[in-house]
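Below, all heavy atoms of this structure are taken into account, side chains as well, without hydrogens, waters or symmetry copies. Being a predicted model, the structure only gives us computed values, none of them experimental. Residue numbers start from 1 in every chain, and the chains themselves are labelled A, B, ... in the order their sequence lines are given, proteins ahead of strands.
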Amino acid sequence: MDKLVLIDGNSIAFRAFYALPLLTNGKGVHTNAVYGFTMMLMKVLEEEKPTHMLVAFDAGRITFRHSDYQEYKGTRAQTPAELSEQLPLIREVLDAFGIRHFEAEGYEADDIIGTLAKSAEEKGMNALIVTGDKDLLQLVTDRVTLLLTRKGVTEGERYDREAVWKKYQLTPAQIVDLKGLMGDASDNIPGIPGVGEKTALKLLHRFGSVEEVLDKVDELTGKLRERVKEHGRQARMSKDLATIYCDVPLGFSVEDTRYEGYDRGRVASIFEQLEFKSLLERIGGEESGTGTPRKLREVEVHIVEPEDRDRWNDFLESSFLSLWLETDGENYHRAEIIGLALSDGETHLYVPWRTAREWEALRRFLADEGREKTAFDGKRLRVVLERQGFDVNGLTFDALLASYLLDPSESGHSLSDMVKRKMDGSLPSDEEVYGKGAKRRLPGEKELAEHLARKAEALKRLDPLLREEVRETGMESLLFETELPLSQVLARMELHGVRVDRDRLLDLGEELKEQAEALTRQIYELAGAEFNINSPKQLAEILYDKLGLPVLKKTKTGYSTSADVLEKLASQHEIVEKILHYRQIMKLISTYVEGLLKEIDPKSGKIHTRFNQTITATGRLSSTEPNLQNIPIRLEEGRRIRQVFVPSEAGWQILSADYSQIELRVLAHLSGDESLKRAFSEDMDIHTKTAMDVFGVPEDEVTSLMRRQAKAVNFGIIYGISDYGLSQNLNIPRKVAAQFIDRYFRSYPGVKEYMDRVVEQARKDGYVTTMLNRRRYLPEIRSRNYNRRSFAERTAMNTPIQGSAADIIKTAMVRLHREMEKRRVQSRMLLQVHDELIFEVPEEELEEMKSLVRSVMEQAVPLSVPLKVDIHTGQTWYEAK
DNA sequence: GGCATCACG
DNA sequence: ACGTACGTGATGCCG
């Protein structure tokens with residue numbers, strides 16, 4: 001009989017950590033949790049003799065801002081660093097034992113365990129769950145038992161159905177009802193206030209479930225009846241929260257967790273590292289099977305030398321080929337080409353650049369629209385090859401874009417990641433082949449050729465898999481009609497670049513440096529000491545210790561000196577505003593003057609940014625090296641940086657076209673709220689209109705403060721409103737913020753309904769979508785952790801809005817580019833800044849372009865409210881305002 | 001390499 | 001009962 005052992009990794013590590021003294025090995029590494037965990041592991045292996053085994057961990061969301069830290073400070077103690085640093089070591093031990101371990105973004109370890117226990121049972125296996133967490137009792141069945149650790153980790157109590165009954169007189173399925181009623185402070189589950197374990201058990205013994213208790217609430221008496229009535233919804237929600245989710249998409253099956261015994265050598269080696277002497281003795285001299293080395297798919301690669309390239313001319317005509325381009329640096333505007341790899345799935349070619357550069361058949365192949373190629377990062381491919389004078393056409397598929405659309409939140413879309421995710425295979429990462437940091441170098445040509453051939457081959461095999469997934473998820477049109485053509489538009493924009501007036505930038509820099517010096521002198525004077533103003537730590541010392549200003553906010557590492565704090569302190573000491581000003585000037589110097597100077601191509605005097613099309617979770621673009629999407633505008637001093645962005649031809653103009661209130665218009669469309677739609681149909685000033693509704697005054701009584709506050713409310717709505725967030729932003733009490741929000745929703749009930757609907761939908765489907773069916777998964781919307789769940793809920797509200805706005809401008813870009821080619825204008829699209837497009841335009845095309853840009857942008861997609869575009873022109877980006 | 005800060009939409 | 005606005009990228013400091 002097969003037996004699956006499932007270990008709750010975090011729970012056991014946690015128990016082990018607190019059960020054992022804080023051991024340290026000779027190198028100063030804490031090892032107590034690793035030691036305890038390993039003890040437990042070996043005991044389980046010996047006593048249970050599992051045929052299958054898996055250790056589940058909670059996935060830490062790295063991008064989850066600082067909320068993790070702050071929240072853990074609240075209800076439970078933060079995971080001590082001495083423990084979290086041991087978790088990777090535990091994983092290493094598991095690897096040495098050949099035991100599979102797993103974590104899934106947005107799911108907790110118990111969800112993974114529940115999923116596997118359920119599927120083991122369906123396959124007729126027995127399962128044993130090892131944990132320190134009573135919640136998992138709900139998973140017990142005839143075939144699933146629970147080993148609950150007590151005192152330490154090597155002793156435990158075994159729970160089957162009988163044992164659960166004996167302890168609570170409940171079935172395992174009722175454990176969630178128990179939680180629903182009594183709650184759980186450590187998991188932020190509220191339950192019914194005033195109902196503890198005793199009352200909850202009493203209620204369940206009488207009624208059986210939360211639902212029954214609520215149905216028959218009238219049979220209760222006194223205070224209890226009131227409490228149950230009042231908090232009924234909350235109890236239902238609490239039960240939901242306590243319910244372990246048993247359908248986690250794992251990407252593997254129970255069979256894949258087979259445990260084959262461990263390699264003594266590997267285990268001994270890690271025990272030696274950790275200095276586990278007694279455990280080393282315990283594994284003794286007995287030999288066990290060796291681990292299997294990772295097998296790579298065999299590929300045979302032909303290296304095409306210049307003299308024999310004509311032999312391969314026919315191959316280029318053969319069939320649908322994948323195309324891989326290898327370059328030497330991250331920034332492809334400066335990178336050198338190493339070579340190309342091509343594959344038809346059977347035959348793989350490596351074409352070193354020395355061969356490729358003068359191969360006419362290859363040149364024709366690349367340029368021919370009719371010769372379809374499947375590629376990875378077609379934008380990069382096109383930029384790099386066009387820089388070398390090659391035309392590139394016929395890129396009809398892009399695995400990078402497909403992978404991004406399939407899951408835009410995924411952090412890695414490297415080919416190696418995709419092979420792992422989509423084909424259960426493995427491809428050596430570039431880091432493994434090239435090394436990293438200072439050690440980075442090219443391997444010998446044979447090894448290089450094999451590596452690249454593997455990539456081309458993998459790309460060829462990925463093509464149909466990704467196409468199918470894109471089709472299944474309804475994103476074919478988004479991929480083929482928007483993202484793929486957009487990538488080629490972006491390639492053109494990047495290649496063309498933006499002209500920068502270097503002398504003007506240098507002058508601005510000089511001016512700013514003088515200001516910075518003057519401010520530095522004044523700050524030293526006022527502080528009575530010289531210090532590094534750029535160091536938040538030293539600055540905090542001066543402000544809070546030396547000058548005795550009150551501490552209004554702390555950061556993880558010390559006292560906060562952020563602008564919002566300093567603004568509140570400005571009235572108390574004149575040094576504060578000098579510091580704020582200094583910061584502003586320094587930002588301009590370092591990021592915008594010096595930063596931009598470094599990016600000017602000395603040959604052309606232009607800046608070539610890269611638009612990243614596969615980074616954001618919402619579908620927006622981002623821009624790097626340099627980021628041209630965050631050039632200052634809000635403050636005049638910074639705005640002057642825009643004076644250096646000029647047309648590349650004498651006498652041309654910069655034309656800027658921006659969508660007016662695109663996100664709120666999208667919201668009006670998506671929600672269908674009549675009042676909001678009317679406001680836009682009548683082309684009202686939306687913040688004034690909101691102020692009228694929220695403050696209940698006629699238009700002529702809206703003060704500038706009211707409008708400012710209403711504007712913040714509108715932002716809040718787009719971001720997924722919370723009273724706390726709004727109160728922080730406006731610096732007003734939370735109660736007042738809550739009032740604003742309440743009045744907003746009463747004025748725009750359709751918006752409220754929409755927000756509720758989209759959150760509900762996300763909860764049901766696990767994802768939200770945009771107007772063009774772009775998808776974003778939000779697994780954490782089902783999290784039992786309040787913070788994670790709330791974050792996911794706000795994201796569910798924001799993503800369709802931000803993402804649909806991104807869809808709209810992307811559509812406009814593709815159509816505009818086409819239209820501009822068709823009309824053979826000289827004008828060029830230069831930049832996109834989320835709701836704005838920047839062009840350079842010859843004088844004689846100015847009127848045509850204004851009208852073309854406006855009409856294409858406004859008609860990009862049909863909405864139930866009009867889209868409005870404002871257009872400005874000028875000699876520089878600064879003047880196009 | 002993580003953190004704090006700040007530039008943009 | 002809980003603590004937060006949504007999405008990015010670049011910089012300087014500091015361990």
Side-chain angles (χ1 to χ4, degrees), chain A residues 62-75 183-185 187-191 193 234 238 408 532-540 555-566 580 583-584 586-592 594-596 598-599 609-610 612 615-635 638-639 641 658-659 662-663 712-713 715-730 734 737 776 785-791 793-803 805-806 809 832-836:
Chain A
I62 315 153
T63 57
F64 203 75
R65 304 182 171 358
H66 337 296
S67 62
D68 275 9
Y69 168 75
Q70 303 221 344
E71 127 232 337
Y72 282 123
K73 245 169 65 176
T75 57
D184 182 341
D187 284 342
N188 284 339
I189 297 181
Q234 190 166 298
S238 298
N532 185 348
I533 313 170
N534 294 323
S535 161
K537 202 175 144 202
Q538 293 183 35
L539 178 60
T555 66
K556 241 183 249 207
T557 50
Y559 300 138
S560 171
T561 66
S562 64
D564 62 322
V565 173
L566 295 190
L580 283 166
R583 281 239 180 102
Q584 190 200 325
M586 285 306 284
K587 179 90 183 179
L588 294 176
I589 295 173
S590 64
T591 304
Y592 297 103
E594 286 169 357
L596 287 178
K598 272 185 242 159
E599 300 292 343
T609 186
R610 281 173 298 148
N612 201 324
I615 281 281
T616 71
T618 55
R620 276 190 177 181
L621 302 177
S622 79
S623 152
T624 52
E625 275 190 282
N627 181 353
L628 293 184
Q629 291 183 319
N630 71 346
I631 302 302
I633 187 165
R634 292 173 192 170
L635 299 171
R639 191 174 197 156
I641 295 288
D658 67 289
Y659 281 111
I662 187 167
E663 293 192 336
V713 171
F715 273 109
I717 294 295
I718 291 167
Y719 294 157
I721 195 110
S722 78
D723 50 9
Y724 188 86
L726 183 63
S727 76
Q728 287 295 300
N729 187 288
L730 284 176
R734 199 164 87 173
R776 178 177 184 180
N785 175 311
Y786 175 87
N787 265 333
R788 291 172 177 230
R789 191 172 64 250
S790 304
F791 184 54
E793 286 167 0
R794 291 197 295 274
T795 311
M797 297 185 240
N798 172 262
T799 296
I801 302 172
Q802 194 183 115
I809 195 164
Q832 187 251 46
V833 191
H834 311 307
D835 63 356
E836 173 186 19

Does the base of [N] carry an N or O that pairs as donor and acceptor with the side chain of [X] under 3.5 Å?
X	N	answer
A/R634	B/dG9	yes
A/Y786	C/dG3	yes
A/Q802	C/dC6	yes
A/S722	C/dT4	yes
A/R620	C/dT8	no

Protein and nucleotides 1-3 of chain B: nitrogen or oxygen contacts under 3.5 angstrom:
none

What's [X] touching, base or sugar-phosphate or nothing? Going by heavy atoms closer than 4.0 Å.
X	result
A/A806	nothing
A/I631	sugar-phosphate
A/E663	nothing
A/D835	sugar-phosphate
A/A712	base
A/A563	sugar-phosphate
A/N627	sugar-phosphate
A/I615	sugar-phosphate
A/G595	sugar-phosphate
A/Q538	sugar-phosphate
A/N532	sugar-phosphate

Do [X] and [Y] come close enough that some side-chain heavy atom pair is under 4.5 Å?
X	Y	value
A/T609	A/E625	no
A/L621	A/N612	no
A/N798	A/I721	no
A/L566	A/R583	yes
A/T795	A/F791	yes
A/N630	A/Y592	yes

Any side-chain N or O of [X] less than 4.0 Å from the OP1 or OP2 oxygen of [N]?
X	N	value
A/Q629	C/dG7	no
A/R776	C/dG7	yes
A/T618	C/dG7	no
A/S790	C/dG3	no
A/R794	C/dC6	yes
A/S623	C/dT8	no

Taking every non-hydrogen atom, the tightest pair across [X] and [Y]:
X	Y	value
A/S238	A/G191	OG-N, 2.9 Å
A/I641	A/L588	CG1-CD2, 4.2 Å
A/D723	A/A737	O-CB, 3.3 Å

Nearest to the side chain of [X] - [options]?
X	options	value
A/K587	C/dG12, B/dG9, C/dA10	C/dA10
A/Y719	C/dG9, B/dG9, C/dG7	B/dG9
A/T561	C/dT8, C/dA5, B/dT5	B/dT5
A/T624	C/dA10, C/dG15, C/dG7	C/dA10
A/L726	C/dA5, B/dT5, C/dG3	C/dA5
A/V833	B/dG9, C/dC6, C/dT4	B/dG9
A/S562	B/dG9, B/dC6, C/dG7	B/dC6
A/S560	C/dT4, C/dT8, B/dT5	B/dT5
A/I721	C/dA5, C/dG7, C/dG12	C/dA5
A/S622	C/dT8, C/dC13, C/dC6	C/dT8

Inset, instruction - Both distances under 3.5 Å, Watson-Crick or G-U wobble: report the partner of C/dC14, or none. - result: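 C/dC14 is paired with B/dG1.
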
Legend entry - Watson-Crick or G-U wobble partner of C/dT8, both distances under 3.5 Å: B/dA7

Inset, instruction - Using the P atom on both, measure B/dA7 against C/dC2 and round to a whole Å. - result: 35 Å

Inset, instruction - Between B/dC6 and C/dA5, how far apart are the P atoms? Round to whole Å, please. - result: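 Between the two P atoms, the distance is 15 Å.
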
Inset, instruction - Determine, for A/E599 against A/R610, whether the closest basic-nitrogen to carboxylate-oxygen distance falls under 4.0 angstrom. - result: no

Measure from [atom1] on [X] to [atom2] on [N] and round the result to the nearest Å.
X	N	atom1	atom2	value
A/N798	B/dG9	CG	C1'	11 Å
A/F791	C/dC2	CZ	C1'	16 Å
A/I718	C/dA5	CD1	P	17 Å
A/N612	C/dA10	CG	C1'	15 Å
A/K598	C/dG9	NZ	P	18 Å
A/N785	C/dC2	CG	C1'	9 Å

Legend entry - Result of checking A/N532, A/L539, A/I533 against A/S535 for side chain to side chain contact (heavy atoms under 4.5 Å, CB included): A/N532

